[in-house]
2 protein chains.
Amino acid sequence: MMIQSEGRCPSRDVAGLADQLRPVMLKLSRHLRREALKVGISDLDAQLLGIIKRKPGLGISELADIEHMSRPTMSAHVKRLEEAGWLMREAEDPDGDRRRVRLVLSPEGKRALEAIRRTRNDWLEARLGQLSAEEFAALDAALGSLVRLVEVRG
Amino acid sequence: MMIQSEGRCPSRDVAGLADQLRPVMLKLSRHLRREALKVGISDLDAQLLGIIKRKPGLGISELADIEHMSRPTMSAHVKRLEEAGWLMREAEDPDGDRRRVRLVLSPEGKRALEAIRRTRNDWLEARLGQLSAEEFAALDAALGSLVRLVEVRG
DNA sequence: TCTTGTAGTTAGGTAGCCTAACTAATATAT
DNA sequence: ATATATTAGTTAGGCTACCTAACTACAAGA
């Protein structure tokens with residue numbers, strides 16, 4: 001996959017890799033989004049439910065920071081999930097900041113997340129399962145690099 | 001990165017890898033989109049100009065297939081790029097199918113693509129440049145796997 | 001000739017993102 | 001103690017990117 005280019009550092013064709021990654025990322029995100037619509041829950045919704053399950057009491061700004069998104073956008077997502085009955089606002093911490101919302105999963109939200117966990121066997125998993133052992137291992141090994149790309153401090 | 005799970009094939013935790021990839025992909029696509037807006041040309045636009053430069057004469061359906069997108073969506077993108085003066089419709093092939101459009105870059109479109117090629121040093125490249133040699137190599141090695149995920153025959 | 005299939009477009013809709021502006025609460029400066 | 005600056009979250013308005021249904025026109029097949 002690595003193309004040696006004259007005049008460039010032989011191990012780092014940054015622009016070349018970027019040019020190859022972009023179209024793949026575009027298509028991948030289209031597929032993920034399309035498949036999520038089929039499943040009936042967006043990847044972000046599932047992600048948010050999972051985060052809040054792990055860390056009950058998070059607020060809008062914290063979630064927005066975790067997901068690299070604006071606060072109004074996150075506010076709207078949370079509002080939707082509340083209206084769906086999956087998230088609730090916990091009682092205020094009497095000694096805490098009264099502006100903050102503290103989000104927790106509702107019982108329905110917990111059930112929804114369990115159901116997702118149990119039944120989710122979607123397109124991405126199917127595709128990953130079709131990779132050769134080498135391809136799978138390469139992707140697995142690259143996960144850290146992908147994570148690094150989106151780390152804060154960017 | 002690979003977590004050995006009891007009772008699963010030790011080299012293939014498909015669900016685990018999927019669960020780790022999803023949030024990264026979500027964030028990555030947000031970043032790419034946000035950064036593209038900053039640059040002033042979307043990744044898809046640049047991609048389409050590049051494809052049509054390499055293969056003048058492509059039609060809407062072909063582009064839609066290449067990008068894994070619906071035809072109406074592609075029709076709208078192409079229309080926008082035409083209105084921007086970057087794409088043109090070539091004269092009909094007298095022996096060909098009269099319904100087909102045959103897209104080519106306009107002179108302005110060629111210039112725009114050249115300018116993109118010359119000046120593009122954006123967020124993704126910056127981030128890739130910040131990876132360690134190992135991380136870069138791992139990502140480079142995984143490109144084929146990523147491509148496989150979005151290959152047709154899916 | 002008629003029926004079926006295909007290329008592309010339009011209309012209407014959803015999902016996902018943003019900034020600007022705002023209210024309310026808190027922290028900091030005077 | 002009071003005034004100012006900052007922060008948490010929400011609403012409004014807008015843009016981008018996708019979809020399906022329905023349509024017109026053209027082509028292929030029966």
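In what follows, chains are A, B, ... by sequence order, proteins preceding strands, each numbered from 1.
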Problem - Glu90(A), CD atom: more than 12 neighbouring heavy atoms under 6.0 Å - result: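 Buried by this count: over 12 neighbours within 6.0 Å.
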Problem - Arg102(B) vs Arg30(B), nearer the 5' end of DNA chain C by closest nucleotide - result: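 Checking each residue's closest nucleotide, the 5'-ward one belongs to Arg102(B).
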Exercise for the section: For Ser70(A) and for Asp97(A), find the nucleotide of DNA chain C with the closest heavy atom, then tell me which residue's nucleotide is more 5'. Expected result: Ser70(A)
Round to the nearest Å and state the distance from [X] atom [atom1] to [N] atom [atom2].
{"X": "Arg34(B)", "N": "dA17(D)", "atom1": "CZ", "atom2": "C1'", "value": "16 Å"}
{"X": "Asp65(B)", "N": "dA7(C)", "atom1": "CG", "atom2": "C1'", "value": "12 Å"}
{"X": "Lys38(A)", "N": "dC19(D)", "atom1": "NZ", "atom2": "C1'", "value": "12 Å"}
{"X": "Arg100(B)", "N": "dA27(D)", "atom1": "CZ", "atom2": "C1'", "value": "13 Å"}
{"X": "Leu48(B)", "N": "dA17(D)", "atom1": "CG", "atom2": "C1'", "value": "13 Å"}
{"X": "Gln47(A)", "N": "dA15(C)", "atom1": "CD", "atom2": "P", "value": "19 Å"}
{"X": "Lys79(A)", "N": "dT10(D)", "atom1": "NZ", "atom2": "C1'", "value": "8 Å"}
{"X": "Leu37(A)", "N": "dA17(D)", "atom1": "CG", "atom2": "P", "value": "17 Å"}

OP1, OP2 of [N] versus side-chain N and O of [X]: anything below 4.0 Å?
{"X": "His68(B)", "N": "dC18(D)", "result": "no"}
{"X": "Arg98(A)", "N": "dA25(C)", "result": "yes"}
{"X": "Thr73(B)", "N": "dA17(D)", "result": "no"}
{"X": "His77(B)", "N": "dC18(D)", "result": "yes"}

Practice task
Could you please name the option among dG8(C), dC18(D), dA21(D) that lies closest to any side-chain atom of Leu44(B)?
Solution key: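 The nucleotide sitting nearest to the side chain is dC18(D).
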Handout entry: Selection from dT10(D), dC19(D), dA7(C) that lies nearest to any side-chain heavy atom of Met69(B)
Key =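 Nearest to the side chain of Met69(B) among the choices is dC19(D).
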Fill in the blank from the handout: When Met74(B) and Ile60(A) are each assigned the nearest nucleotide of DNA chain D, the 5'-most assignment goes to Ile60(A)
Practice task
Tell me which of Arg33(A) and Ser75(A) sits closer to the 5' end of DNA chain D, going by the nucleotide each one is nearest to.
Solution key: Ser75(A)
Carboxylate-amine/guanidinium contact [X] [Y], below 4.0 Å:
{"X": "Glu82(B)", "Y": "Lys79(B)", "result": "no"}
{"X": "Glu35(A)", "Y": "Lys38(A)", "result": "yes"}
{"X": "Arg102(B)", "Y": "Glu62(B)", "result": "no"}

Practice task
Would you state whether a donor and an acceptor, one from the side chain of Arg99(A) and one from the base of dA8(D), lie under 3.5 Å apart?
Solution key: no
Exercise for the section: Hey, can you tell me if Trp123(A) and His31(A) have their rings parallel, tilted or perpendicular (30° and 60° cut-offs)? Expected result: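 Trp123(A) vs His31(A) ring planes: parallel.
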